[in-house]
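Every chain is numbered from 1 and lettered A, B, ... according to where its sequence line falls, protein lines coming before strand lines.
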Amino acid sequence: MSLNLYNTLTRRKEEFTSIEPGKVRMYTCGPTVYNYAHIGNLRSYIFADVLRRTLEYFGYEVPQVMNVTDVGHLTGDVDSGEDKMELQAEKEGRDIWDIARYFEDVFFDDIEKLNIEPPNVRCRATEHIDEMIELVKKLFARGHAYETAQAVYFDVTTFPKYTELSRQSLEDKMTAARDEVQEDPEKRNPADFALWFKAIGRFEHHIMRWESPWGVGFPGWHVECSAMSMKYLGETLDIHTGGEDHVWVHHPNEIAQSEGATGKKFVRYWMHGAFLVVGKLSVDEDDEERRMGKSEGNFLRLQTLIDKGYDPLAYRYLCFSAHYRAKLKFTWESMDAAASGYESLKDFAARAKQIGGEEQPWVAEHRKKFEEAIADDLNMPQALAAVNELIREADRRKEYGVLEALYKFDEVLGLNLRESAEKATIADAEIDNLIKERENARAEKNWQRADELRNQLAEMGIVLEDTPSGTLWRRSN
RNA sequence: GGCGACGUAGCCAAGUGGCUAAGGCAGCGGUCUGCAAAAUCGCUAUCACCAGUUCGAUUCUGGUCGUCGCCUCCA
């Protein structure tokens with residue numbers, strides 16, 4: 001079966017092939033650690049994880065690199081000269097480096113809770129300043145960079161393919177940028193982006209600073225991804241993932257820097273995840289759907305969901321209800337739907353585990369549908385439909401030899417079905433005895449005693465299901 | 001202002017130029033059941049609106065309305 005993936009570069013689905021057989025070099029744009037990640041951010045890491053797991057499902061080894069952007073970026077107002085992380089540090093009266101480490105830890109904690117496979121290499125921008133400086137030197141040598149009194153810039157007119165990914169003409173950008181005040185009068189083109197900022201003028205008090213051939217300062221906003229991805233994965237990557245917002249600025253810049261420095265193709269498949277948008281979260285507020293943003297007042301963290309009693313994996317399940325390239329509307333109703341759906345999936349796994357059986361030929365059709373779905377540009381809604389159809393057919397036929405298939409699917413789904421089913425059915429002598437006692441009571445039609453035992457087991461977290469062929473049970477947590 | 005995306009049942013959504021328009025959740029009505037739960041069966045969509053192309057459009061084209069995103073650090 002061929003794996004087809006949508007490449008933003010060509011705006012179409014393409015059959016995937018890797019540079020090196022059996023191996024996929026994958027880079028995922030990681031978090032900026034100046035604040036908590038919200039569930040919208042997390043959605044795109046779930047997308048990258050599904051991509052990685054799908055590649056692994058089809059037999060690839062996937063060395064994956066993720067950056068951690070711990071160099072402060074500018075605040076929205078370019079003129080302010082303040083730095084997001086410094087602002088945060090000031091606000092909390094803590095050291096900027098502590099802040100970065102703290103949010104990095106929280107981020108990877110969230111990643112773990114969502115059962116996202118950790119990247120093979122996790123790299124911090126602040127630990128790769130030398131590589132970035134080397135990259136900028138190369139760009140000077142090849143005539144792409146120039147220095148002004150304030151900074152070093154990449155001259156976008158020296159790189160004709162600059163607009164290939166964004167498909168946004170430079171003229172339009174220039175027009176659009178015309179009314180903006182250009183802070184640096186020496187900048188050649190409005191679209192030129194900084195490779196290195198000097199710690200002078202508005203950045204005179206910038207806390208994070210390093211020596212460089214262009215004076216003390218700090219790296220530009222996009223160099224780290226180029227420098228680190230090429231350091232760990234080579235000059236040409238198979239796949240580069242990120243959020244759709246990167247299609248217009250960050251990724252074109254990465255391409256320009258990387259290809260400008262090496263003269264080689266930087267990335268073969270660019271893949272971008274769509275945003276989570278927030279629907280009405282409450283009845284009385286007239287907040288229409290919009291993207292979740294750190295300054296939007298609709299900031300939901302994974303911890304927010306956990307505090308409300310949701311399993312983090314129910315959020316993962318929710319993400320599968322929409323295709324990764326389509327926006328997903330978050331509402332509490334859809335969150336509840338996902339939680340219920342995930343619960344019944346786990347219940348089924350526990351049921352199948354208890355009853356068991358040989359796999360029957362009809363299972364093959366569902367395997368096929370599942371695999372076709374993930375191979376078709378990670379169509380998780382279809383894949384999930386295949387899972388649900390498998391379950392329904394198993395229940396209808398009362399043939400439960402489907403665990404092998406289910407666990408195999410879960411290598412991509414990452415919903416911990418095996419762990420959950422095993423945990424739910426851990427044998428215990430006391431439980432066995434109580435259940436046997438209850439079955440005896442039921443045989444004698446001693447309903448009062450049977451209900452007492454049911455309640456007693458319920459207090460122990462055991463859920464009972466009486467069936468014609470005996471009583472099934474599972475642990476509720 | 002420029003560029004782009006989307007509008008499918010109560011909610012989240014997949015999909016297709018023509019067979020019964022996936023799946024989940026919620027709801028209603030049956031079956032099963034000592035109770036409970038689960039399971040199962042059935043029901044719930046003129047695919048935003050208008051026009052065009054076509055033998056035939058939800059799917060293609062144009063327009064209207066609505067929503068959203070990007071153009072600035074942001075998944």
Side-chain angles (χ1 to χ4, degrees), chain A residues 28-32 34-35 37-48 69 72-78 83-85 166-169 171-173 175-177 179-180 221-222 241-250 272-280 288-296 317-318 320-323 325-345 347-348 351 369 373 376 379-389 391-392 394-396 398 442 445-448 450-451 454-455 458 463-468 472 474:
Chain A
T28 297
C29 265
T32 301
Y34 64 86
N35 200 340
H38 55 66
I39 59 174
N41 298 128
L42 263 12
R43 181 187 181 202
S44 67
Y45 297 105
I46 290 173
F47 143 62
T69 298
H73 281 195
L74 295 174
T75 49
D77 181 1
V78 180
D83 179 289
K84 276 180 162 179
M85 290 209 298
S166 67
R167 301 200 174 186
Q168 193 180 54
S169 81
E171 290 71 33
D172 285 349
K173 280 187 88 100
T175 311
D179 9 309
E180 284 176 17
W221 311 319
H222 311 285
T241 70
E244 62 180 347
D245 52 328
H246 287 328
V247 174
W248 296 276
V249 178
H250 185 57
H272 296 92
F275 281 133
L276 178 81
V277 298
V278 181
K280 288 190 183 197
E288 271 308 320
E289 65 181 56
R290 56 183 177 180
R291 73 176 281 189
M292 181 169 290
K294 282 164 180 163
S295 50
E296 300 277 349
Y317 183 101
L318 174 64
F320 297 159
S321 68
H323 188 269
R325 281 190 288 113
K327 67 180 180 181
L328 170 59
K329 222 183 292 179
F330 181 92
T331 62
W332 290 115
E333 202 174 349
S334 62
M335 187 63 232
D336 284 337
S340 300
Y342 182 44
E343 277 309 310
S344 59
L345 177 55
D347 285 354
F348 174 84
R351 181 156 69 246
K369 180 171 176 183
D376 179 20
N379 192 331
M380 296 311 283
Q382 285 290 353
L384 207 52
V387 172
N388 283 314
E389 283 159 12
I391 287 174
R392 190 168 40 165
D395 274 327
R396 194 186 288 157
K398 308 245 180 291
R442 292 183 71 223
K445 297 196 189 295
N446 184 349
W447 306 128
Q448 195 186 340
D451 287 347
R454 173 192 282 287
N455 290 336
V463 178
L464 300 179
E465 283 179 31
D466 296 323
T467 74
L472 297 179
R474 64 173 185 276

For [N], which nucleotide in any strand shown is its Watson-Crick or wobble partner with both distances under 3.5 Å?
N     : value
B/U53 : none
B/C43 : B/G27
B/G66 : B/C6
B/A38 : none
B/G1  : B/C71
B/U20 : none
B/C32 : none

Separation between the [atom1] atoms of [N] and [M], rounded to whole Å:
N     : M     : atom1 : result
B/U31 : B/A38 : C1'   : 14 Å
B/U59 : B/A48 : C1'   : 15 Å
B/A13 : B/C50 : C1'   : 27 Å
B/A9  : B/C43 : C1'   : 12 Å
B/C11 : B/U16 : P     : 23 Å
B/A5  : B/C12 : P     : 22 Å
B/C28 : B/U20 : P     : 30 Å
B/U44 : B/U54 : P     : 35 Å

In a check of side chain to side chain contact (heavy atoms under 4.5 Å, CB included) between A/Phe47 and each of A/Thr28, A/Thr241, A/Leu42, which one passes?
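Considering A/Thr28, A/Thr241, A/Leu42, a side chain to side chain contact (heavy atoms under 4.5 Å, CB included) with A/Phe47 is found only for A/Thr241.
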Nearest 0.5 Å, what's the [atom1]-[atom2] distance between [X] and [Y]?
X        : Y        : atom1 : atom2 : value
A/Arg454 : A/Arg442 : CZ    : CZ    : 8.0 Å
A/Leu276 : A/Lys327 : CG    : NZ    : 11.0 Å
A/Glu389 : A/Leu384 : CD    : CG    : 10.0 Å

Could you give the [atom1]-to-[atom2] distance, from [X] to [N], as a whole number of Å?
X        : N     : atom1 : atom2 : value
A/Asp347 : B/A36 : CG    : P     : 18 Å
A/Asn455 : B/A36 : CG    : P     : 13 Å
A/Phe348 : B/G23 : CZ    : C1'   : 15 Å
A/Phe320 : B/G24 : CZ    : P     : 17 Å
A/Arg351 : B/A38 : CZ    : C1'   : 6 Å
A/Leu384 : B/G23 : CG    : P     : 12 Å
A/Asp245 : B/C68 : CG    : C1'   : 14 Å
A/Lys369 : B/G15 : NZ    : C1'   : 10 Å

Options [options], nucleotide nearest the side-chain atoms of [X]:
X        : options             : value
A/Arg442 : B/C35, B/C74, B/C12 : B/C35
A/Asn388 : B/A38, B/G24, B/C68 : B/G24
A/Ser321 : B/A26, B/C12, B/A36 : B/C12
A/Pro381 : B/U40, B/A36, B/A14 : B/A14
A/Asp395 : B/U40, B/C74, B/C12 : B/U40
A/Gln382 : B/C41, B/C74, B/G15 : B/G15
A/Gln168 : B/C71, B/G34, B/U40 : B/C71
A/Arg396 : B/C6, B/C25, B/U40  : B/U40
A/Asn379 : B/C12, B/C68, B/G15 : B/G15
A/His323 : B/A14, B/C6, B/C25  : B/A14

Which part of the nucleic acid does [X] contact within heavy-atom distance under 4.0 Å: base, sugar-phosphate only, or nothing?
X        : answer
A/Gly242 : sugar-phosphate
A/Tyr45  : sugar-phosphate
A/Leu464 : base
A/Arg454 : base
A/Ser344 : sugar-phosphate
A/Leu328 : sugar-phosphate
A/Ala48  : nothing
A/His272 : nothing

How are the rings of A/Trp332 and A/Phe330 set to each other: parallel, tilted or perpendicular (split at 30° and 60°)?
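Rings of A/Trp332 and A/Phe330: perpendicular, as their planes differ by over 60°.
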Below 3.5 Å, does any donor atom in the side chain of [X] face an acceptor in the base of [N], or the other way round?
X        : N     : value
A/Asn41  : B/C74 : no
A/Arg167 : B/C3  : no
A/Asp451 : B/G34 : yes

Side chain to side chain, [X] and [Y], heavy atoms closer than 4.5 Å:
X        : Y        : value
A/Arg43  : A/Leu328 : yes
A/His222 : A/Val249 : yes
A/Leu318 : A/Tyr342 : no

Would you say A/Asn41's side chain and A/His38's backbone share a donor-acceptor pair under 3.5 angstrom?
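Such a contact is found between A/Asn41 side chain and A/His38 backbone.
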For A/Glu465 and A/Tyr317, take the nucleotide of RNA chain B holding the closest heavy atom to each; which residue's nucleotide lies nearer the 5' end?
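It is A/Tyr317, whose closest nucleotide lies nearer the 5' terminus.
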First encountered from the 5' end of RNA chain B, between A/Tyr342 and A/Glu244
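Per heavy-atom nearest nucleotide, the more 5' residue is A/Tyr342.
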Stepwise salt bridge (Lys or Arg N to Asp or Glu O under 4.0 Å) test for A/Arg474 and A/Glu465
CA-CA 9 Å; A/Arg474 64 173 185 276; A/Glu465 283 179 31; 2.6 Å; yes
At less than 4.0 Å, is any side-chain N or O atom of A/Lys329 found next to OP1 or OP2 of B/C12? Yes or no.
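Answer is yes, contact under 4.0 Å.
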